[in-house]
Amino acid sequence: GDFKIKPIIVKTIKDKKIIDTLESNQLEVTILSSLEKKEKLTEKDLKHIRPLAKLIGTILYFLKYLFFLLLLIALIIMIVLYIRKKIKQKKFAPEIIKTPVEEFNINFTDLEKKKLIISGKLKLHFLKLTEITKRFLNRQYNFNAEELTSFETIMFLKEREKEGFVKEQFDNILSFSDRVKFAKFIPKIEETDILNKKISDLLDVFLKRQVIQEQKEKELERIKKENVTKNK
């Protein structure tokens, strides 16, 4: 078609002041389409200015991204459900309560595995041993040994325990620990071995008591069942 290009105004500016102004004439231009030529066009006449862009907006192009998105959502849902299931199982799982002697045995074994005496941490070892011992006495004899001194603890124990061997060994454990903690006593390896043997002997006594108590409870339960059967 025919087009008119308006005059172009060019201004010369110096120090923010217009010094000179030039203006071109109006230009009339006629643009003809090469497609209207009668002669046969060549590839050179219709050559693209730049390569054609690839069409990427098809359904197949987006389908792979949609698949990965759905897979990611499914994975997140599975993880959330798994975590919720574990939390629910943990919440409603029956708690296994250890007996005082079982807890004492486990705690003492764990303390021995830490090998604090060998690494030179004597005071820490006997602090832990005192805590373990007093917690056992608290649970076994039902008095707050953890808030009492070693002397007060043994006094309470003498009122509740009949067997002299048990009272004597607990007295040895607490007094030995106090000497290390407060009197800066450094025991020999043989002495700590003897103390550990006393603790093991104590554990044997209470484990045997536990077995006897369990047998008595089973026998009482059996007698109760027999009485119920006879009454029917």
Side-chain angles (χ1 to χ4, degrees), residues 1-98 103 106-132 134-135 138 144 146-147 177-178 180-184 186:
D2 297 328
F3 300 91
K4 291 181 180 180
I5 300 175
K6 294 181 180 181
I8 299 172
I9 299 173
V10 179
K11 295 179 180 180
T12 305
I13 301 173
K14 184 178 181 181
D15 296 331
K16 298 182 180 180
K17 292 181 180 181
I18 299 174
I19 299 174
D20 194 9
T21 301
L22 298 176
E23 184 176 348
S24 68
N25 296 324
Q26 181 172 291
L27 184 64
E28 294 182 0
V29 179
T30 300
I31 299 176
L32 299 176
S33 174
S34 61
L35 298 176
E36 293 180 357
K37 291 182 179 181
K38 293 181 181 179
E39 64 270 15
K40 188 177 180 181
L41 300 174
T42 63
E43 184 180 350
K44 185 178 179 181
D45 296 323
L46 300 176
K47 187 176 181 181
H48 298 296
I49 296 174
R50 58 183 178 180
L52 294 175
K54 293 182 179 180
L55 184 64
I56 61 173
T58 62
I59 295 176
L60 292 175
Y61 176 79
F62 291 105
L63 194 60
K64 60 181 180 180
Y65 294 102
L66 181 62
F67 172 76
F68 284 116
L69 179 62
L70 292 174
L71 186 64
L72 180 62
I73 293 172
L75 183 62
I76 292 172
I77 292 172
M78 289 175 64
I79 292 173
V80 171
L81 291 175
Y82 177 78
I83 293 172
R84 289 180 64 184
K85 183 179 178 182
K86 284 294 182 182
I87 292 173
K88 190 175 181 181
Q89 288 177 348
K90 187 176 180 180
K91 184 177 179 181
F92 294 102
E95 184 180 358
I96 300 174
I97 301 174
K98 297 179 179 63
E103 184 185 54
I106 292 170
N107 289 340
F108 178 67
T109 302
D110 291 341
L111 180 62
E112 286 295 289
K113 288 179 180 178
K114 291 178 181 178
K115 298 181 179 180
L116 295 174
I117 294 177
I118 296 175
S119 59
K121 299 177 182 178
L122 275 171
K123 188 173 181 180
L124 180 59
H125 174 88
F126 286 99
L127 278 169
K128 295 292 184 183
L129 179 59
T130 302
E131 290 175 5
I132 293 168
K134 287 190 174 183
R135 175 168 173 77
N138 188 351
N144 197 2
E146 287 136 316
E147 293 187 3
S177 299
D178 285 348
V180 176
K181 292 185 298 181
F182 306 121
K184 297 182 180 180
I186 301 176

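Reckoned from all heavy atoms, side chains included, excluding hydrogens, waters and symmetry mates.
Lys181 NZ: more than 12 foreign heavy atoms inside a 6.0 Å radius. Other residues, nucleotides and ligands place more than 12 heavy atoms under 6.0 Å from the CD atom of Gln26. Within a 6.0 Å sphere centred on CD1 of Ile8, heavy atoms belonging to other residues, nucleotides or ligands number 12 at most. By the neighbour-count criterion of 12 heavy atoms within 6.0 Å, atom CD1 of Ile13 is densely surrounded, having more than that number from other residues, nucleotides or ligands.
For Asn138, the side-chain hydrogen bond (donor to acceptor under 3.5 Å, both in side chains) test picks out Glu146, with sequence neighbours left out.
With rounding to the nearest 0.5 Å, the separation of CD1 in Ile76 from CG in Leu81 is 12.0 Å. A distance of 10.0 Å separates CD in Glu131 from CG in Leu111, rounded to the nearest 0.5 Å. The structure places CD1 of Ile117 at 12.5 Å from CD1 of Ile186, a figure rounded to the nearest 0.5 Å. Expressed to the nearest 0.5 Å, how far NE2 of His125 lies from CG of Leu127 amounts to 10.5 Å. The line from CG of Leu72 to CD1 of Ile77 is 10.0 Å long, rounded to the nearest 0.5 Å. If you take NZ on Lys113 and OG1 on Thr109, they are separated by 6.5 Å, rounding to the nearest 0.5 Å.
In this structure, Tyr82 and Met78 have side chains that are not in contact, with every pair of non-hydrogen atoms separated by 4.5 Å or more.
Residues Ile132 and Phe108 come closest through the heavy atom pair CD1-N, 4.2 Å. Taking all atoms of both residues into account, the shortest heavy-atom contact from Ser24 to Pro7 is O-CB, 3.1 Å.
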Set out, in order, the CA-CA distance, both residues' side-chain angles and the distance that settles side chain to side chain contact (heavy atoms under 4.5 Å, CB included) for Arg135 and Glu103, then state yes or no. CA-CA 9 Å; Arg135 175 168 173 77; Glu103 184 185 54; 3.0 Å; yes
Set out, in order, the CA-CA distance, both residues' side-chain angles and the distance that settles side chain to side chain contact (heavy atoms under 4.5 Å, CB included) for Phe126 and Asp178, then state yes or no. CA-CA 8 Å; Phe126 286 99; Asp178 285 348; over 6 Å; no
Trace of the side chain to side chain contact (heavy atoms under 4.5 Å, CB included) decision for Ile73 with Leu69: CA-CA 6 Å; Ile73 293 172; Leu69 179 62; 4.2 Å; yes
